[in-house]
> 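First the structure, then my questions, so here it is.
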Amino acid sequence: MSTFLVEIVTPERKVYAETANMVSVTGVEGELGILPNHIPLVTALRIAPIVIKRDNKVDVIAASGGFIEVRKDKIVILAESAELATNIDVSRAQSAKERAQQRLAAKRDEIDYRRAELALQRAMNRINVTER
Ligand code: ATP
């Protein structure tokens, strides 16, 4: 089976680097399933899980936006933050979710509201990937 290298990098560190068979991401224009030899492309990502299939394993990562670059023999994902499902602190995500919900209920100015919406999306994405 053909393979490609998948790297996930955040401003803090390289989160992931493995040889894989398939990557699924959610781009701003919809879901993308990428196999080796895909045409090159760059697209922005939503706050959503990244699913990577390799050998008989499936890795699930919570990514908080960023970009995916599909190259000839390599995929590079530049994410604002990214955590492997196994590294997620669920109680931290739960607290972040509750904090964001309280802020949304308080209906402050538009910037605070948008910030709380994004924090809620990040927290729910983290919780979701740990439940898969
Ligand atoms: P919090 O309010 O809990 O900090 P956040 O969504 O504001 O959540 P980010 O700014 O997206 O956090 O991330 C800051 C750093 O903390 C990143 O390195 C990210 O990978 C890590 N991180 C955030 N939440 C979690 C979590 N629940 N489990 C593990 N790592 C996390």
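Here, residue 1 is the first one in the sequence, and each next residue gets the next number. Counting starts at 1 for both ligands and their atoms, in listed order. This structure is a prediction, so every number in the text was calculated from the model and none was measured. Side chains are part of it too, since the values below use all heavy atoms of this structure and drop only hydrogens, waters and symmetry mates.
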> Do we see a donor-acceptor contact under 3.5 Å between the side chains of D89 and S91?
yes
> Strictly by side chain to side chain donor-acceptor pair (under 3.5 Å), give each pair with a member in residues 96-105 just once, sequence neighbours left out.
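The answer is none; no pair qualifies.
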> Checking contacts here: is it the side chain or the backbone of A93 that comes within 4.0 Å of ligand 1, counting heavy atoms only? Could be both or neither.
both
> May I ask whether V60 and I77 are part of the same hydrophobic cluster, defined by side-chain heavy atoms of I, L, V, M, F, W, Y residues being less than 4.5 angstrom apart, directly or through others?
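Hydrophobic grouping puts V60 apart from I77.
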> Between R126, E12, R115, E80, which one has a non-hydrogen atom sitting closest to atom 11 (O) of ligand 1?
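Of the listed residues, R126 has the closest heavy atom.
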> Just verifying a value: how many Å separate R132 CZ and N128 CG, rounded to the nearest 0.5 Å?
8.0 Å
> Could you find the nearest protein heavy atom to atom 10 (O) of ligand 1 and give me its residue, atom name and distance?
R122 NE, 4.5 Å
> Output every pair passing side chain to side chain donor-acceptor pair (under 3.5 Å) with a member in residues 58-74, not counting sequence neighbours, ordered by first then second residue.
Y16-D59, R54-D59, S64-S81, E69-R71
> Heavy-atom distances under 4.0 Å are what count here, so tell me which part of N87 touches ligand 1: side chain, backbone, both or neither.
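Backbone only; the side chain of N87 stays clear of ligand 1.
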> Is there a side-chain contact (heavy atoms from CB on, under 4.5 Å) between V42 and I68? Walk through the geometry before answering.
CA-CA 6 Å; V42 175; I68 182 168; over 6 Å; no
> Please write down residue, atom name and distance for the protein heavy atom closest to atom 19 (C) of ligand 1.
E83 OE2, 3.1 Å
> Do ligand 1 and S64 have nitrogen or oxygen atoms that lie under 3.5 Å from each other?
no
> Please work out which of I127, D89, L118 has its closest non-hydrogen atom nearest to atom 27 (N) of ligand 1.
D89
> Considering only protein heavy atoms, which is closest to atom 16 (O) of ligand 1, and at what distance to one decimal place?
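So the nearest neighbour among protein heavy atoms is R92 NH2, 3.0 Å.
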> Look at atom 2 (O) of ligand 1 and say which protein heavy atom is nearest, naming residue and atom and giving the distance to 0.1 Å.
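Protein heavy atom at minimum distance: R99 NH2, 2.7 Å.
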> Would you give the length of the straight line joining atom CG of L78 to atom OG1 of T10, rounded to the nearest 0.5 angstrom?
9.5 Å
